Amino acid sequence: MSTNERMQTVPEAEIVAARAGDNLKAKDAGELVRVRGLIKHFPVAGSDDVVRAVDGVTFEILQGDTLGLVGESGCGKSTVGRVLLRLIEPTRGEIYFGDRNITTLRGKALRELRGEMQIIFQDPYASLNPRIRVREIIAEPLVIHNIGNKQEQRERVADLMRKVGLDPDYMNRYPHEFSGGQRQRIGIARALALNPKLIVADEPVSALDVSVQAQVVNLLDDLQKEFGLTYLFISHGLAIVEHISTRVAVMYLGRIVEVASAADLYAQPLHPYTRALLSAIPVPDPKRKRKRIVLKGDVPTPINPPSGCRFHTRCPEAISDCARIDPDLREVAPGHTVACIRVPGWAEAPTSA
């Protein structure tokens, strides 16, 4: 019996239970996603130059965890998420989902993988088709993968709407009849339709009001616990990333410069760029002051990045060697990797690969 036939005949509770069993096996194995040397270059029209959007990225995501991916706009965060899902093709590198190298998948094999990897887009206004009803939007993955008949799909849509905090009676409405927060809940329901293992959340709350942001983040947290989901949570809002993430990776100009558990990264950031980002987080207490680290200059162009460490042109701690040595990620403390020759112990630490 095919996967589609089984999902049409087996109750949803059993599907979720089966997927949960898969998650437990993957948890024992450790990593759900493993990325090695990922590169994505975009050609520049009328030139031999390329935009080095992602330029040698390596990381892992453990089953059931949330990896927060942070950095300034234009650093390559969203490109990493889209390449990971094969929405755009990598230039080089390997992406393993479980034990499969998904960069080699084509045709039917790639199509079947789509059910296990989904995305929540940044803009809840642009990511929903304004010409079709909400029930059609949420049911679209089920239709594409030929799961269930129309009645079963309708029941699945109603259940998903309840899970994300929406009234199923509204399924016949159009997207413009919902608020921004409600639209993002619709996008989350659509991402959940196929019971995926991995969800890439690409700036899912940046377009929402602060109070609504908290509601959506709490919803994502609850759904993760209920379904055993694994998240790649992309954001430039470091306060939100601290709340939802298990581990955090910091990107700068196409490279990851630091990875650590959320607790360690926020308590003891090692890379100068990470410290600068954290110093910019607003403090809710007006009587409490935080020393702001102001970076000099602009972010260099990814078409012609600086030699050596890409951050050295703006780094307040740079020395002459920083322009010459291109530092790789090294584990300087258990579970804490950094790419900076100025960090004590970096030169003696093993390469993280």
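These figures come from a predicted structure and were not determined experimentally.
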More than 12 foreign heavy atoms under 6.0 Å from [atom1] of [X]: is that the case here?
X      : atom1 : value
Tyr170 : OH    : no
Glu317 : CD    : yes
Arg106 : CZ    : yes

At their closest point, which heavy atom of [X] faces which heavy atom of [Y], and how far apart are they?
X      : Y      : result
Ser245 : Leu67  : OG-C, 4.4 Å
Arg314 : Val299 : NH1-CG2, 3.2 Å
Leu220 : Pro204 : CD1-CG, 4.4 Å
Met117 : Ile102 : CE-CD1, 3.9 Å
Ala249 : Val259 : CB-CG2, 3.9 Å
Pro175 : Ile132 : CD-O, 3.4 Å

Out of curiosity, does [Y] fall in the hydrophobic cluster containing [X] (side-chain heavy atoms, cut-off under 4.5 Å, transitive links)?
X      : Y      : result
Val250 : Trp346 : no
Val143 : Leu194 : no
Ile95  : Ile39  : no
Phe227 : Ile244 : yes
Leu277 : Tyr266 : yes

Next item on the list: Could you go through the side-chain contact (heavy atoms from CB on, under 4.5 Å) check for Leu84 and Val200 one step at a time?
Entry: CA-CA 9 Å; Leu84 178 59; Val200 174; 4.2 Å; yes
Look at the side chain of [X] and the backbone N and O of [Y], then say whether any donor-acceptor pair between them is shorter than 3.5 Å.
X      : Y      : value
Arg190 : Glu140 : no
Arg185 : Leu166 : no
Arg82  : Leu87  : no
Gln122 : Ser206 : no
Arg156 : Ala193 : yes
Thr91  : His41  : yes
Glu60  : Arg34  : no
Arg36  : Glu94  : no
Arg330 : Ala347 : yes
Glu203 : Asp123 : no

Quick one: pull up [atom1] in [X] and [atom2] in [Y] and give me the separation to the nearest 0.5 Å.
X      : Y      : atom1 : atom2 : answer
Asp65  : Ser261 : CG    : OG    : 10.5 Å
His176 : Leu128 : NE2   : CG    : 12.5 Å
Arg342 : Leu270 : CZ    : CG    : 13.5 Å
Ile138 : Glu136 : CD1   : CD    : 11.0 Å
Phe59  : Ile256 : CZ    : CD1   : 6.0 Å
Ser78  : Met251 : OG    : CE    : 10.0 Å

Check: Is there a side-chain contact (heavy atoms from CB on, under 4.5 Å) between Arg135 and Asn172 once you walk through the steps?
Finding: CA-CA 6 Å; Arg135 59 178 167 80; Asn172 287 320; 2.4 Å; yes
Looking at side-chain heavy atoms only, is the closest gap between [X] and [Y] below 4.5 Å?
X      : Y      : value
Gln184 : Val212 : no
Pro316 : Leu295 : yes
Arg162 : Pro168 : yes
Leu229 : Leu192 : yes
Leu223 : Tyr231 : yes
Pro306 : Leu253 : yes
Cys309 : Pro327 : yes
Asp55  : Arg310 : yes

Next item on the list: With sequence neighbours excluded, give me every ring pair (Phe, Tyr, Trp, His ring centres under 6.0 Å) pair touching residues 189-218.
Entry: none
Notebook entry, point to check: Do Asn304 and Thr301 meet the criterion of a side-chain donor-acceptor pair at a distance under 3.5 Å?
Noted result: no
Margin query: Regarding His145 and Glu112, do their side chains bring together a donor and an acceptor under 3.5 Å, going by distance alone?
Written below: no
Next item on the list: Please state whether the rings of Tyr273 and His271 are parallel, tilted or perpendicular, taking 30° and 60° as the class boundaries.
Entry: perpendicular
Notebook entry, point to check: For Phe97, is the NZ or CZ atom of Arg100 found under 6.0 angstrom from the centre of its six-membered ring and inside 45 degrees of the ring axis?
Noted result: no
Margin query: Applying side-chain contact (heavy atoms from CB on, under 4.5 Å) to Ile188 and Ile199, what does each step give before you reach the verdict?
Written below: CA-CA 9 Å; Ile188 293 171; Ile199 290 181; over 6 Å; no
Item checked: Partner of Gln151 by side-chain hydrogen bond (donor to acceptor under 3.5 Å, both in side chains), out of Glu155, Arg154, Gln153 -> Glu155
Item checked: side-chain contact (heavy atoms from CB on, under 4.5 Å) between Phe311 and Val257, intermediate numbers included -> CA-CA 9 Å; Phe311 185 59; Val257 298; 5.9 Å; no
